[in-house]
Trainee: 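Please find one structure pasted underneath; my questions will follow.
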There are 2 protein chains.
Amino acid sequence: MENATSPRASDIAYDKIRQFVLSGRAEPGQQLTEEQLARISGVSRTPVREAVRRLENELLIVRSDSKRLFVADWSADDIDEMFVLRGMLEGHAASRAARNISGRQIEELGRISDLLDAAVRCSPPDVSEFLAQNRRFHEIILEAACSPRLSAMLPMLVEQPVVRRTATQYKTEELLQSAREHRELIAAFTARDSHWARAVMTSHIRRAFHVFSSTAKRHKEQRQAND
Amino acid sequence: MENATSPRASDIAYDKIRQFVLSGRAEPGQQLTEEQLARISGVSRTPVREAVRRLENELLIVRSDSKRLFVADWSADDIDEMFVLRGMLEGHAASRAARNISGRQIEELGRISDLLDAAVRCSPPDVSEFLAQNRRFHEIILEAACSPRLSAMLPMLVEQPVVRRTATQYKTEELLQSAREHRELIAAFTARDSHWARAVMTSHIRRAFHVFSSTAKRHKEQRQAND
DNA sequence: CGATAGACATTTGTATACAATACCGTCAAG
DNA sequence: CTTGACGGTATTGTATACAAATGTCTATCG
């Protein structure tokens, strides 16, 4: 089990800075100084630097030509590609998971799937609960995939702002479809069918992309209409 | 006094430690202490820690249950998967590159390809030169792919020991085939055919995998025969 | 004899001070 | 005006000292 409240100052810094960036309190492109981040997270610059390294690796923070820190700013192309890569890698993870997953893990996925259904079925749908369980679901698959490399690479493709923006825009029918896909994944795992699992997962991510990009477009149009 | 130029100490540490690990002076699974690494790289522990973070991210170094450092030890499955992921990601990079690559970059690839041919054709083939130019070739494609994410992820899949072990085992015919594939990639880029580029690249990596795994097997048999 | 608590040694984590470097406004020369 | 050199200021980089934690060994008790 993971320890959420880690005593390491560098982990505290990581969480706080990540939160700071993802919550939107920091503008994309804005400069960040180590000292400012140290103040925000309540520790000294040393652990902040370690945290920044990690965030930099996830491309949430970028370093300028020389060493100054800025909040990352993603282009439309960046986001498109994130989904493409996620499709490939999560598809691969699902494929591996289908070969390695334990009965216990499949049961766990079933329980989570029940919670997902519950979150969708109440009215209004509990999107935040849906997101939390969705994340757990994907984490278990990643774990079952038994690949340190995937575990290292996927976090940089599953940035919260995109995830959140996607799911908060789901209509109920879309959430239901998503829940159905989770069920189908479980079926593929139960059958130990790696091709099936890969295909379902790829399509799952791909659909999320289209939901995302259509709502992003709608948003943009609304912004332009307000000017 | 150590260095005429003044690159960052953390970069020096990164290079030295990486070298130390990859050169085989460090046994897989061996423990590394920060102080030892500081001695090796001639800087203090602070930059060493930053270097270690990077190497840890590339999975060249791993952290134990609690925070002690060890030289990574790859299983056969790890290596298999590295090649699978490389195939996917480099294939994707080639696909993107086919859409974005500039004329200048294609010319550059042509020049490198000439050097590759030259390295293969002399006798005995200059494997080390081949490797260097091969790396440049792939770097240019990665650059042309214009994807910070790919640029961040691929380094953790292209670990020198595997690359070196693969290429040093190439027979001349295999090197020639590799050079031919590079030419075909250039053709695909010139035609701006992203599907072609992806297919050639995927097959290129896949073939490297089989060369690698067959020679690894041969090595293992020889070792067993010696016992 | 085995288990275990506790002291000691080793290693990692953090804060701070100071050094090196990059940025930016100012001013002088062309 | 533009340009380029200069210097002050802000920011990052490094070393060191010390704190916290982890591992290990031994002595003692059951």
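In the text below, chain A, chain B and the rest are named by the order of the sequence lines, each starting its count at 1.
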Trainee: Is the phosphate of C:dT10, meaning OP1 or OP2, less than 4.0 Å from a side-chain N or O of B:T33?
Mentor: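 Checking C:dT10 against B:T33, no side-chain N or O comes under 4.0 Å of OP1 or OP2.
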
Trainee: At under 4.0 Å between heavy atoms, what does A:T46 touch on the DNA or RNA strands: base, sugar-phosphate, or nothing?
Mentor: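 Since a base atom lies under 4.0 Å of A:T46, the category is base.
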
Trainee: Cation over ring, B:R54 on B:Y14, under 6.0 Å and within 45°?
Mentor: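 Yes; both conditions hold, so B:R54 lies above the ring face of B:Y14.
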
Trainee: Any side-chain N or O of B:R63 under 4.0 Å from OP1/OP2 of C:dG13?
Mentor: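 So the side-chain polar atoms of B:R63 do come within 4.0 Å of the phosphate oxygens OP1 or OP2 of C:dG13, strictly under.
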
Trainee: With the side chain of B:K67 defined as its heavy atoms from C-beta on, choose the nearest nucleotide among D:dT14, C:dT16, C:dG13.
Mentor: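 Looking only at side-chain atoms, B:K67 lies closest to C:dG13.
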
Trainee: Is A:R8 close enough to D:dT22 that one of its side-chain N or O atoms is under 4.0 Å from OP1 or OP2 there?
Mentor: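 For A:R8, the contact criterion (side-chain N or O under 4.0 Å from OP1 or OP2 of D:dT22) is met.
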
Trainee: For the side chain of B:R45, counting heavy atoms from C-beta on, which of D:dC18, D:dT14, C:dC23 is nearest?
Mentor: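 Shortest atom-to-atom distance from the side chain points to D:dC18.
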
Trainee: Take the protein atom CD of A:E34 and the nucleotide atom P of C:dT16, then report the distance between them rounded to whole Å.
Mentor: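 Whole-Å distance recorded here is 15 Å.
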
Trainee: Taking CD1 from B:I12 and P from C:dA20, how many angstroms apart are they, rounded to a whole number?
Mentor: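 In whole Å, C:dA20 P lies 14 Å from B:I12 CD1.
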
Trainee: Measuring only between side-chain heavy atoms, which start at C-beta, is B:F130 closer than 4.5 Å to B:L115?
Mentor: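 A side-chain contact is absent here, since even the closest heavy-atom pair is not under 4.5 Å.
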
Trainee: Looking just at side-chain N and O atoms, do A:Q36 and A:R39 make a donor-acceptor pair shorter than 3.5 Å?
Mentor: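 Side-chain D/A pair, A:Q36 to A:R39: absent.
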
Trainee: Decide, yes or no, whether a salt bridge links B:R96 with A:D77 under the criterion of side-chain N to carboxylate O below 4.0 Å.
Mentor: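 A:D77 and B:R96: salt-bridged.
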
Trainee: Using whole Å, what does the distance between atom C1' of nucleotide C:dG13 and atom CZ of A:R53 come to?
Mentor: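 About 17 Å, once rounded to whole Å.
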
Trainee: Over how many whole Å does the gap from A:E35 atom CD to C:dT16 atom P extend?
Mentor: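 Atom-to-atom, A:E35 to C:dT16, this comes out as 11 Å.
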
Trainee: Tell me the interatomic distance from B:Q36, atom CD, to C:dT10, atom P, rounded to whole angstroms.
Mentor: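 Interatomic distance, CD of B:Q36 to P of C:dT10: 15 Å.
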
Trainee: CD of B:Q31 versus P of C:dT10: gap in Å, rounded?
Mentor: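 Computing the B:Q31:CD to C:dT10:P distance gives 13 Å.
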
Trainee: Quickly work out the B:F70 CZ to C:dT12 C1' distance and round it to whole Å.
Mentor: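 After rounding, the reported distance stands at 12 Å.
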
Trainee: What contact category does B:L37 fall into here, base, sugar-phosphate, or nothing, at under 4.0 angstrom with non-hydrogen atoms?
Mentor: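 Counting heavy atoms under 4.0 Å across all strands, no contact is made by B:L37.
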
Trainee: Between A:S10 and C:dT14, does any side-chain N or O lie under 4.0 Å from OP1 or OP2?
Mentor: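 So the side chain of A:S10 is within the cut-off, an N or O lying under 4.0 Å from OP1 or OP2 of C:dT14.
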
Trainee: Take A:G42 and A:D65, find for each the nucleotide of DNA chain C with the closest heavy atom, and name the residue whose nucleotide sits nearer the 5' end.
Mentor: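 Between the two, 5'-proximity favours A:G42.
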
Trainee: Out of A:V21, A:L55, A:I17, which residue meets the side-chain contact (heavy atoms from CB on, under 4.5 Å) rule with A:L37?
Mentor: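 Going through A:V21, A:L55, A:I17 one by one, the side-chain contact (heavy atoms from CB on, under 4.5 Å) with A:L37 is satisfied by A:I17 alone.
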
Trainee: Between B:S44 and A:L32, name the one whose nearest nucleotide on DNA chain D is closer to the 5' end.
Mentor: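 Result of the comparison: A:L32.
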
Trainee: Return the value, rounded to whole Å, for the distance between atom OH of B:Y14 and atom P of D:dG13.
Mentor: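 It is 17 Å, rounded to the nearest whole Å.
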
Trainee: Any base atoms under 4.0 Å from A:R68, or only sugar-phosphate, or nothing? Heavy atoms, all strands.
Mentor: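 If one applies the 4.0 Å heavy-atom cut-off, A:R68 turns out to touch the sugar-phosphate alone, with no base involved.
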
